[in-house]
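Here's the structure we're looking at; comments come further down.
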Amino acid sequence: MLSMAAAGYDFQSVERKWQSRWERDALYRAPNDSPKPKYYAMEMWPYTSGDLHVGHAKNYTIGDAVARMLRMLGYNVLHPIGWDAFGLPAENAAIERGIDPAVWTTENILNMRRQIRLMGTSYDWSREIATCEPEYYRWNQWLFLRLREHGLAYKREAPVNWCPHDQTVLANEQVIDGRCWRCEHLVERRNLSQWFLRITAYAERLLNGLEKLTGWPERTRTMQRNWIGRSEGARLAFSIEGLDENIEVFTTRLDTLFGATFLAVAPEHPVVESLKPVVSREHAAAMDAFAESLKSRSELERTSLMEKEGVFTGAYAVNPLSRERIPIWLTNYVLAEYGSGALMGVPAHDERDFHFATQRGLPIVEVIVSPNSDAVEPLEAPYVEDGRLIASGDFSGMSSERARTAMADRVASIGMGGRSVAYKLRDWLISRQRYWGTPIPIVYCSRCGEVPVPDDQLPVLLPVRTRIDEFLETTCPTCGGPARRESDTMDTFFESSWYFLRYLDPHNDRAPWSVEHAERWMNVDQYIGGAEHTVLHLLYSRFFYKFFHDRGWVRGPNEPFEHLFHQGLIIRDGARMSKSRGNVIGIDETAEQVGIDAMRLFLLYVTPPEETSNWTDEGISGRVRLLNRIWRVCEPYFGSALEGKMPNVERAEEKALVRAVHVAARSAIDETTSRRFHYNTTIAKLDELVNLMTGAVTSMPESPAMHDAVAVLPILIAPFAPHIAEELWERLGHSASVHLEAYLEPDERALAIEHITLVVQVNGRVRARISAPAGVSEAEALALALGDSNVRVHLGGKEVRKHIYVPDKLLNLVAA
RNA sequence: GGGCAAGUGGCGGAACUGGCAGACGCGCUGGACUUAGAAUCCAGUGGGGCGACCCAUCAGAGUUCGAGUCUCUGCUUGCCCACCA
């Protein structure tokens, strides 16, 4: 990396000086009582992994620029930071080093706090929180108990995702392509008794709530919608021959019911146990063998990679409407956890059933035909579209759509089912078989069973690692007898699902937060973070917030994040940064070599913030140059107490300079209020302004236009390069912080242009550029154009049949 | 396989609702200042043509007085979801 020691500007000492002064003065503290309108600006908090890199820096630089802009635009800005400190990476790292995770995490927090300050960020440090502190996780436990009281936290045995490497279970959302989201090992299925949160109870509301989230990226909303995966259809029961029991199936294509030629059941389905005694020994053995063969397969093999397999159970079911007798199969392609864990196989009208039936020689019965044809031809592929029913009893001739309604009514009338909705969303598994996390506040007593730890005994403190056995042995809070503590800890996503509320009231020891503070500050006006949390964190937080809203702990809107912004990744010289590549850019080296202001400007300037940015040393040096130019252009005016007010100037050169000042201000404000945050264009305007000032400092150093530009330049750059802005401000004779100033309000007179360049086209091709006064009338423009010799040449004496006039821009003459 | 997003100079990008394509920066070229370099400043920089002009926003078609922008088809890249009945 280049070392850029500038002649006059010593960024290292300037940056250090202002960081410590801002800290000393608590400059960015957000008072709870302020006459200004509130603005809650938040970035996703960092995981305490040890060191910040420029990926973090991009996130926090964007957020900080936004927070600083809004402060200067007159808002009481709450801009907090904290630490996501529990979890597996910390535990693993500590084990590797042979130290306590608490020690390791504390060291990381110290280091990362230093680095975040080093980035010149404007956080309110009085609100700092960390999840591994008892003051925080106490409320985690408290919230868990409230969820449990309302039936939203429960323990059950279920097939769950087990990561053999991390030695813990994972939530559905944490399994990516059948692999652990952290270590990428293949995930296995295990039957374990685990704690779940009943997020499915909120499925419909989480889905509907997305409609109102117009301040979120459409992509993110779509992904959540797909994750929740709502399907409308019907449930219906097939009776089992020789058993007083039914198998329920879910279908979105009830209209194809008469084409059902088999039932497909998940091998984990409870009906399997009922079937085994009533079928032949061979069939029962085959079922066992099949279930056993699947158990050893990973989730990945079980789903995407594996061929369709199955065994006949030997039993038959009866179609509730056609009364037809169809075989019951166990298959690997039916998911136990979706719908009812069983489906009706309709090979003629479903791709998957078709494949399975073809392999197994099961009959294929066509009951839907294309509305335009009556032909029933031998099927080579299933017809999966809606159509018209045939061979379906009374329902023959109906459209698919009508038949679905009519058949659902019929099924309901005979008490065998009815309309229903299914979701892909599963309950959220929060138990983790790991040490470094919030202890689940439950005690198991042989006499009283599962007993919640009473509120007044919270927090259940995380034991020292060597004392876990003592920790587990306890007494029952109800009967006082011997009891055992829950040994699992919570998924760290639990903690991060409500941290934005704790920032509002971080020292409250009577409640996780007070309703008054929530009412004052919520919602989060702008949330900024990576797109990798599209489903996980952002869905969980919405779920928690709706629960809090139902309890009355938060009021107003029942969505926590009003506007959401995902910043893009950052790569270096075209490649992903990673420790193994050795191309990670650290904060400390950047601060030392080029300075933080240069880094911040670079991150905002290279790309629009939502795009992937490519870090190059050449790119950085361009921003270093800009800072040096800014310094040099202001240097002659140090100590001269210039006044920043709209100057009244006449010369075109002066007007251009004044205009450039206001164009930059306009851009900064527009990018903020529109929430596009394309500060790359704002900084380009600042480049243009500084270019003009570089000329003016020699050509017209005493012009009021130049005086004004120098006077307001620190204000213009303050949100983006806060250190140099502060230093210039001080040297220009101010004693208070530039960050307490109001941003420059763009002046319409300064922005107005007196002379425009009128583009004259003949038949859509540019033939002349004519200088004209702004606001030139259509008639005048036409006269000017027709007077132009080149225009006349291209008209070639032909008649102007019509013309299009775009005021102050363009005149197109159409001639033939 | 399905869904979404995006393709503009050597590079990052600009061009808000269709109206001068390439702002700004990087890189490169030339010059000034220097013993020399660094730094800085000035000028130039999409392609072709001596020129007026012509050609250029992934490819092809369309709508329009006018298309990077709108519509259709295809190609490429990226991201997400992938047996959800």
Has A:Arg625 got a side-chain N or O lying under 4.0 Å from the OP1 or OP2 atom of B:rC26?
yes

Mind checking if A:Arg765 touches a base, just sugar-phosphate, or nothing, with heavy atoms under 4.0 Å?
sugar-phosphate

With rounding to the nearest 0.5 Å, note down the distance linking OG1 in A:Thr358 to CG in A:Asp353.
10.0 Å

Whole-angstrom distance between B:rA36 and B:rG31, as gauged at atom P:
14 Å

Measure the acute angle between the ring planes of A:Tyr383 and A:His349, then classify it against the limits of 30° and 60° as parallel, tilted or perpendicular.
perpendicular

Does the side chain of A:Glu610 pick up a donor-acceptor pair with the side chain of A:His678 at under 3.5 Å?
yes

Mate of B:rG25 across any strand shown (Watson-Crick or G-U wobble, both atom pairs under 3.5 Å) is B:rC11

Here's a test of your reading of the structure: between A:Lys802 and A:Arg253, which maps to the more 5' nucleotide of RNA chain B?
A:Lys802

Respond yes when some side-chain nitrogen or oxygen of A:Arg219 is under 4.0 Å from OP1 or OP2 of B:rG3, and no when none is.
no

C1' spacing across the pair B:rU17 / B:rC28, given as an integer number of angstrom:
38 Å

Pick the C1' atom in B:rC75 and in B:rA23, then give their distance to the nearest Å.
31 Å

B:rG7 and B:rG51: how far apart are their C1' atoms, nearest whole angstrom?
36 Å

What's the gap between B:rG78 and B:rG25 when it is taken at their P atoms, as a whole Å value?
32 Å

I'd like a table of donor-acceptor pairs (distance under 3.5 Å, sequence neighbours excluded) in which one partner is a side-chain atom from residues 228-237 of chain A, with atom names and distances.
from     : atom 1 : to       : atom 2 : distance (Å)
A:Arg230 : NE     : A:Glu204 : OE1    : 2.9
A:Arg230 : NE     : A:Glu204 : OE2    : 3.3
A:Arg230 : NH1    : A:Glu232 : OE2    : 2.8
A:Arg235 : NE     : A:Ser420 : OG     : 3.1
A:Arg235 : NH1    : A:Glu248 : OE1    : 3.0

Picking from A:Tyr679, A:Trp615, A:Phe720, what satisfies ring pair (Phe, Tyr, Trp, His ring centres under 6.0 Å) with A:Phe602?
A:Trp615

Between B:rA85, B:rC53, B:rC65, which nucleotide has the shortest distance from any of its atoms to the side chain of A:Asn790?
B:rC53

Side-chain contact test, heavy atoms from C-beta onward, threshold under 4.5 Å: evaluate it for A:Leu564 versus A:Thr220 and give yes or no.
yes

Any strand, both distances under 3.5 Å, Watson-Crick or G-U wobble: B:rG78 pairs with B:rC4

Which is true for A:Arg666 with a 4.0 Å heavy-atom rule: it touches a base, it touches only sugar-phosphate, or it touches nothing?
nothing

Considering every strand and a 4.0 Å limit on heavy-atom distances, what is the contact class for A:Asp670: base, sugar-phosphate, or nothing?
nothing

Phosphate OP1/OP2 of B:rC80: any A:Thr222 side-chain N/O under 4.0 Å:
no

Can you check the A:Arg629 CZ to B:rC26 C1' distance for me, whole Å?
14 Å

Between B:rC16 and B:rG27, how many Å separate the two P atoms, rounded to a whole number?
28 Å

Sticking with atom P, work out how far B:rG60 lies from B:rA67, rounded to a whole angstrom.
15 Å

Assigned glycosidic conformation for B:rG9 [threshold 90° from 0]:
syn

For atom CG of A:Asp617 and atom P of B:rG27, their distance in whole Å
11 Å

Under the salt bridge (Lys or Arg N to Asp or Glu O under 4.0 Å) rule, what pairs show up with a residue in residues 796-809 of chain A, not counting sequence neighbours?
none

Counting only Watson-Crick or G-U wobble pairs whose two distances fall under 3.5 Å, which nucleotide matches B:rU40?
B:rA32

Check the surroundings of atom CD in A:Glu401: do more than 12 heavy atoms from other residues, nucleotides or ligands lie under 6.0 Å from it?
no

Applying a 3.5 Å limit to both distances, which nucleotide forms a Watson-Crick or G-U wobble pair with B:rA59?
B:rU73

Determine, for A:Glu218 against A:Arg221, whether the closest basic-nitrogen to carboxylate-oxygen distance falls under 4.0 angstrom.
yes

Of the nucleotides B:rA85, B:rG27, B:rU40, which has the atom closest to the A:Leu335 side chain?
B:rA85

Tell me whether the side-chain N/O atoms of A:Arg767 come closer than 4.0 Å to OP1 or OP2 in B:rA52.
no

P atom, B:rC24 versus B:rG46: distance in rounded Å?
12 Å

Using purine N1 to pyrimidine N3 plus N6-O4 or O6-N4 for Watson-Crick, or N1-O2 and O6-N3 for G-U wobble, each under 3.5 Å, what pairs with B:rG19?
B:rC65

Are any protein N/O atoms closer than 3.5 Å to N/O atoms in nucleotides 19-24 of chain B? If there are, list each pair with its distance.
from   : atom 1 : to       : atom 2 : distance (Å)
B:rG19 : N2     : A:Gln761 : OE1    : 3.3
B:rC20 : O2     : A:Arg769 : NE     : 2.7
B:rC20 : O2     : A:Arg769 : NH2    : 3.4
B:rA23 : O2'    : A:Glu688 : OE2    : 3.3
B:rC24 : O2'    : A:Tyr605 : OH     : 2.7
B:rC24 : O2'    : A:Asp687 : OD2    : 2.8
B:rC24 : O2     : A:Tyr605 : OH     : 2.9

